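Right, one structure below, let's go through it.
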Amino acid sequence: MLEWLVALCVVILVVLIWPGSTYFGTERQSDTFLRGLEISQQTPKDKTGKCVSSEREESDGAQAACAGVRTDRKARTVALICKPSALANYLLKHCRTFSNYSPCVGWTWRASALLQSVYKACWPYDSPVQFVRDNLQLSDDGLVALDWAVPSYQKRRRTSSHSTSPVLLIIPNSFGKITRNVLKLCETALSHGYLPAVFNRRSHNGTPLTTLKLQQFGDPADLREAVRYIRHRQPAGRLYAVSESTGSGLLLSYLGECGSSSYMTAAVCLSPVFRCQNWFENGLCMWPLQWALVLYQKICLSRYKTVLGETIQTDTLFSSYSLRGLEEALFCQTGSATAPTAGTSSSCNTSGTWDAYWERNEPLRDVDEVAIPVLSVCAQDDPVRGDIQSTIPMELFETNPHFFLLLTSRGSHCGFSTQSEGSASGALGTVSSVAPPTSGMESRRTNWSHRALLEFFRATTDFFAAEERAKQLAARRRGLGGGAGGRVFRHRSVSTCKRVPACSHNIHAIYNWQRSYTR
């Protein structure tokens, strides 16, 4: 009780002091960093593919860069950093939300990065959606859960397997906390015709722990089986993915390992943590946040203290005071009670070290194999991620054509509050197969980052559809389709420009429907 009172006093002091000091202390620094990195509606390129400024822009004093073109003071709140490409130019032209961000400033609690983070993570939210859970039994008898979001007023609780609506797979943070941001994202996605599904790891969010194996930070094995199940259940709909905070490590690991076989059209990482080993080693810059995360994870693991004692040192686990201590106790120390049983084959538990653990779990280890567009939405004042210069790999976005960074001057961690959050700032992005907005949730406020990711999904889908039509037209002109004796040009799913490989597994051998834990 005393610890909670101390934490409450700290929050009250931050409420009174932090907003003004943050506003006056970081505004000039944010403008300086984003200067020269701003996006424009059209960025012309020369023959070498580099972004150049036009004569009109030079006369106006605009400075061109590969990340974009600097415009006026208002536009310096957001920048799109990426390698010049046809898709990048298409995004600059069709994603109006990217350049329409007005963060909260002045003497208000929404201007505080810390309070925004706490509000989005902990404040209760009366969501108009409900969840229908599928507990999936994996190949090693472990359980993960998929929570399908449906409107609370909808009588029909299951979607048809013949539905063509796109599926939005949402990966929450690695601690299993379903935040206000995730609930609002489900609500926004439903109102625009998506089928949101929240992925819950083993033992997270009420998912039963049926094996002694916990999911390592960047191990995508469980997520891979969940994606195969989604493709089996909704074979006609496109699949998109959104990750939140440290959950981006799992999504990036999956995209890197699967490459062009990820079955996804596009992905978005909201406030991701890229260099995860350094993040665990250095801890959070604000100790109250780290203290809260450590306490929350201990509470979630305490219910399994007895059974986990067979494979790990629970005394070391529950006496840890840092994020690294918890992760190292879970996966990098040998249990003191008995030898590991079947199903607990964690290589790091038996013989690994801390560095060896991150060689297998670093999210960017296979980043060159990612084959779909990935948008990362980050804020300069993120108190969880840390300093922007050392935590965001700028070279990745400047050299890899599949990665795009939407960097804002303010926004905190998964916050991105705006001055007029409730007003509509242009049409939200919807793909061509998305149903009209649901009338029951149109009037709810929409977060700016959620509008941006929906526009990103719509733009990438339209771009690849146009590329596919151009290929079909070129094939017809060469006499490959429609003519007598010519072979038919088969339409492919617009998930990537590459051919989607055939499924190399037997879905019925993995999921035994007679003994699945589905409710």
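These numbers were taken from a predicted model, which means no experiment stands behind them.
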### Query
Should Asp355 and Gln277 be marked as a side-chain hydrogen bond (donor to acceptor under 3.5 Å, both in side chains) after you check the CA-CA gap, both sets of side-chain angles, and the distance that decides it?
CA-CA 8 Å; Asp355 292 334; Gln277 182 178 359; 3.0 Å; yes
Work out which heavy atom in [X] is nearest to a heavy atom in [Y]; give both atom names and the distance.
X	Y	answer
Ala189	Leu168	CB-CD2, 3.6 Å
Leu251	Ser243	CD2-OG, 3.5 Å
Thr188	His450	OG1-ND1, 4.1 Å
Thr391	Gly386	OG1-O, 3.9 Å
Thr210	Gly142	OG1-CA, 3.5 Å
Lys83	Glu398	CB-O, 3.5 Å

### Query
Ser271: what forms a side chain to side chain donor-acceptor pair (under 3.5 Å) with it, not counting sequence neighbours?
none
With a 3.5 Å distance limit and no angle check, can you tell me whether [X] reaches the backbone of [Y] through a side-chain donor-acceptor pair?
X	Y	value
Asn282	Asn278	yes
Arg275	Ser390	yes
Tyr101	Arg410	yes
Thr207	His204	yes
Tyr254	Ser262	yes
Asn400	Leu396	no
Thr408	Ala79	no
Ser165	Leu195	no
Asn173	Gly176	yes
Arg365	Gly218	yes

Side-chain contact test, heavy atoms from C-beta onward, threshold under 4.5 Å: evaluate it for [X] versus [Y] and give yes or no.
X	Y	result
Phe457	Val268	yes
Thr265	Ile372	no
Leu453	Leu270	yes
Ser417	Tyr119	no
Pro383	His413	yes
Leu293	Gln297	no
Leu214	Ser203	yes
Leu317	Leu326	yes

### Query
How are the rings of Phe397 and Phe403 set to each other: parallel, tilted or perpendicular (split at 30° and 60°)?
perpendicular
### Task
Over 60° means perpendicular and under 30° means parallel, so classify the ring planes of Phe456 and Phe98, tilted if in between.
parallel
### side-chain contact (heavy atoms from CB on, under 4.5 Å) between Trp448 and Val377, intermediate numbers included
CA-CA 11 Å; Trp448 173 84; Val377 185; 4.0 Å; yes
### Task
Step by step, work out the side-chain contact (heavy atoms from CB on, under 4.5 Å) result for Leu136 and Glu225.
CA-CA 9 Å; Leu136 308 181; Glu225 295 192 38; over 6 Å; no
Hey, could you give me the [atom1]/[atom2] distance between [X] and [Y], rounded to the nearest 0.5 Å?
X	Y	atom1	atom2	result
Phe199	Leu146	CZ	CG	7.0 Å
Cys378	Ile388	SG	CD1	7.5 Å
Asp381	Ser412	CG	OG	6.0 Å
Lys184	Cys414	NZ	SG	14.0 Å
Leu143	Leu138	CG	CG	7.0 Å
Cys276	Leu323	SG	CG	11.5 Å

### Query
Taking it one step at a time, do Asp147 and Asn200 satisfy side-chain hydrogen bond (donor to acceptor under 3.5 Å, both in side chains)?
CA-CA 8 Å; Asp147 289 337; Asn200 299 287; 2.9 Å; yes
### Task
Show your reasoning for whether side-chain contact (heavy atoms from CB on, under 4.5 Å) applies to Cys269 and Val374.
CA-CA 7 Å; Cys269 299; Val374 180; 4.2 Å; yes
Would you mind writing out the side-chain donor-acceptor pairs for residues 301-309 within the sub-3.5 Å range, not counting sequence neighbours?
{"residue": "Ser302", "atom": "OG", "partner": "Ile299", "partner atom": "O", "Å": "2.7"}

### Message
Applying side-chain hydrogen bond (donor to acceptor under 3.5 Å, both in side chains) to Thr179 and Asn181, what does each step give before you reach the verdict?
### Response
CA-CA 5 Å; Thr179 62; Asn181 182 63; 4.9 Å; no
### Message
Regarding Asp140 and Arg202, does a basic nitrogen lie under 4.0 Å from an acidic carboxylate oxygen?
### Response
yes
### Message
Between Leu255 and His402, is the side-chain contact (heavy atoms from CB on, under 4.5 Å) condition met? List the steps.
### Response
CA-CA 11 Å; Leu255 296 177; His402 292 105; over 6 Å; no
### Query
Pick from Trp354, Trp358, Phe331: which one makes a ring-ring contact (aromatic ring centres under 6.0 Å, His included) with Phe217?
Trp358
## Note on the structure
Sorted by chain and residue number, the ring-ring contact (aromatic ring centres under 6.0 Å, His included) partners of Phe404 (sequence neighbours excluded) come out as none
